[in-house]
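Taking it in order: structure first as structure tokens, then the write-up.
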2 protein chains.
Amino acid sequence: MAKRADARRNSDAVLEAAAAAFVAAGVEAPVRDIAARAGVGVGTVYRHFPTRADLVVAVYLHQIEACAEAGERLLTEGPTPFAALARWIDLFVDFLVTKHGLAAALRGDDPQFESLHSLFLERLLPVCTRLLAAARESGEIRTEIGPFALMFGVGNLCAGAGVPDYDARTLVSTLVAGLRA
Amino acid sequence: MAKRADARRNSDAVLEAAAAAFVAAGVEAPVRDIAARAGVGVGTVYRHFPTRADLVVAVYLHQIEACAEAGERLLTEGPTPFAALARWIDLFVDFLVTKHGLAAALRGDDPQFESLHSLFLERLLPVCTRLLAAARESGEIRTEIGPFALMFGVGNLCAGAGVPDYDARTLVSTLVAGLRA
DNA sequence: TCGACAAATGGAACCATGTTCCGTATCGTA
DNA sequence: TACGATACGGAACATGGTTCCATTTGTCGA
């Protein structure tokens with residue numbers, strides 16, 4: 001059976017409200033605030049998005065997809081596999097640093113963000129794995145860092161973006177530079 | 001006027017309980033738990049340590065001091081300033097990864113941890129600054145990363161230590177390797 | 001030794017936030 | 001229109017930080 005019209009309307013309203021709240025207050029914005037913005041009760045938010053991660057996923061799904069697809073493309077376009085990897089990581093960093101608190105949320109200790117974690121793992125990790133493997137095969141990289149650790153590390157470096165005197169991009173560039181032995 | 005004897009006794013008990021709680025549940029251990037471990041009321045905890053950061057600082061002060069002093073020493077002992085920097089960062093990482101949640105707490109967005117932040121800045125940042133400057137003068141480093149960003153980045157990489165397939169030490173080593181141009 | 005007073009205590013109470021639950025309202029269909 | 005399924009809202013509960021003050025307890029001078 002199709003969803004009821006009011007259900008879809010509310011679902012959309014919550015999504016929009018969440019997107020706005022995330023921009024204003026980060027991905028940890030209080031559920032009550034999101035509900036209030038959407039003009040619904042908290043129960044309705046939970047009905048449509050059982051966990052916060054579901055909301056985050058819904059809000060950023062398109063951008064995550066785009067990032068994943070860009071990876072495939074860069075590999076064929078780039079001058080070398082390592083260059084492709086570096087560019088792809090730049091895209092990944094751009095995505096993370098513009099989402100207040102997202103990088104911090106990716107640190108896995110909170111079961112709350114399980115499905116977000118899953119999405120990153122399922123969609124982005126394979127891309128990173130291919131790029132990294134290609135760069136390794138071409139002999140441009142000599143390090144034992146695996147794709148997961150690399151993504152996790154880059155994500156960590158992006159946490160706390162916004163602090164004065166701290167530029168996540170420069171740090172990530174340095175890390176990537178360190179991948180060449 | 002000197003502190004009353006019972007006050008000192010309770011202060012010590014809280015400190016000890018906090019140290020145990022931090023090991024068991026990380027530096028975000030509930031205040032109530034710490035109070036219960038110490039056999040005092042929560043009010044007593046707050047009396048002696050107004051913020052959580054004060055507790056953390058008190059518990060780890062010795063180790064932070066030791067790390068700072070090691071920096072001075074390494075500079076005179078090391079074969080090169082860059083080697084000294086690398087070794088010192090190893091010490092710093094060892095300190096952080098063995099303290100569940102400490103690295104995460106260092107990300108500055110929580111005003112709760114202000115005094116912890118201050119201590120790191122006051123005690124460790126000068127050490128890092130000297131080591132980095134020495135390495136730069138000796139021509140071993142060519143990057144625009146400042147001492148604060150470096151420490152912050154290393155701290156970030158240490159957050160989430162304990163996750164399978166993620167080794168903070170390897171990532172930090174790679175980052176440090178990237179400092180050489 | 002003892003009384004008085006300041007210091008210290010404990011935990012109830014308050015706030016903020018996440019989460020659940022169910023009586024009520026609404027939609028879609030027969 | 002009437003009825004059953006669906007969805008809604010927000011009160012209520014859980015957790016954890018923080019404040020406050022009536023009560024207890026050291027300490028010191030007499």
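The figures that follow rest on heavy atoms only: side chains count, while hydrogens, waters and symmetry mates do not. Here is the naming used below: chain letters follow the sequence lines, and residue numbers restart at 1 for every chain.
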Original post:
Quick one: is H48(A) getting a side-chain N or O under 4.0 Å of the dA7(D) phosphate, OP1 or OP2?
Top reply: no
**OP:** In whole angstrom, give the distance that lies between atom CD1 of I34(A) and atom C1' of dG18(C).
**Re:** 12 Å
Subject >> Integer-rounded Å distance: dC27(C) P and R8(A) CZ >> reply: 16 Å
Original post:
In residues 16-33 of chain A, which residues come under 4.0 Å of DNA chain C by heavy atom?
Top reply: P30(A), V31(A), R32(A)
Original post:
Quick one: R47(A) CZ to dT26(C) C1', roughly how many Å, whole number?
Top reply: 12 Å
Subject >> Gap between atoms CZ and P, on F49(A) and dG18(C) respectively (whole Å) >> reply: 16 Å
Original post:
Minimum heavy-atom separation for G146(A) to L132(A), with atom names?
Top reply: C-CD2, 3.7 Å
Original post:
Does Q112(A) or S11(B) map to a spot on DNA chain C nearer the 5' end, using the closest nucleotide for each?
Top reply: S11(B)
Original post:
Is there a side-chain polar atom (N or O) of R4(B) under 4.0 Å from OP1 or OP2 of dT25(D)?
Top reply: no
Subject >> Earlier contact from the 5' end, DNA chain D, for T51(B) and R9(B) >> reply: T51(B)
**OP:** For G153(A) and L171(B), work out which heavy atoms get closest and say how close.
**Re:** CA-CD1, 4.2 Å
Original post:
Does a salt bridge link R169(B) with D94(B), judged by any charged N lying under 4.0 Å from a carboxylate O?
Top reply: yes
**OP:** For a side-chain contact (heavy atoms from CB on, under 4.5 Å) with V57(A), tell me which candidate from T51(A), I64(A), L119(A) qualifies.
**Re:** L119(A)
Original post:
Counting just side-chain N and O atoms, does T44(B) come under 4.0 Å of either OP1 or OP2 of dA8(C)?
Top reply: no
**OP:** Would you mind classifying the nucleic acid contact of A5(A) as base, sugar-phosphate or nothing, using non-hydrogen atoms under 4.0 angstrom?
**Re:** sugar-phosphate
**OP:** Examine dC8(D): is either OP1 or OP2 under 4.0 Å from a nitrogen or oxygen in the side chain of N10(A)? Give yes or no.
**Re:** yes
Original post:
Got a second to check how far D90(B)'s CG is from L74(B)'s CG, nearest 0.5 Å?
Top reply: 9.5 Å
Original post:
Do you know the tightest heavy-atom contact between E140(B) and S138(B)?
Top reply: OE1-OG, 2.7 Å
Subject >> Selected nucleotide, minimal atom distance to R52(B) side chain, candidates dG17(D), dT20(C), dC27(C) >> reply: dG17(D)
Original post:
Between atom CG in D6(A) and atom P in dT26(C), what is the gap in whole Å?
Top reply: 10 Å
Original post:
Taking atom C1' of dA11(D) as reference, at what distance in whole Å does atom OH of Y46(A) sit?
Top reply: 15 Å
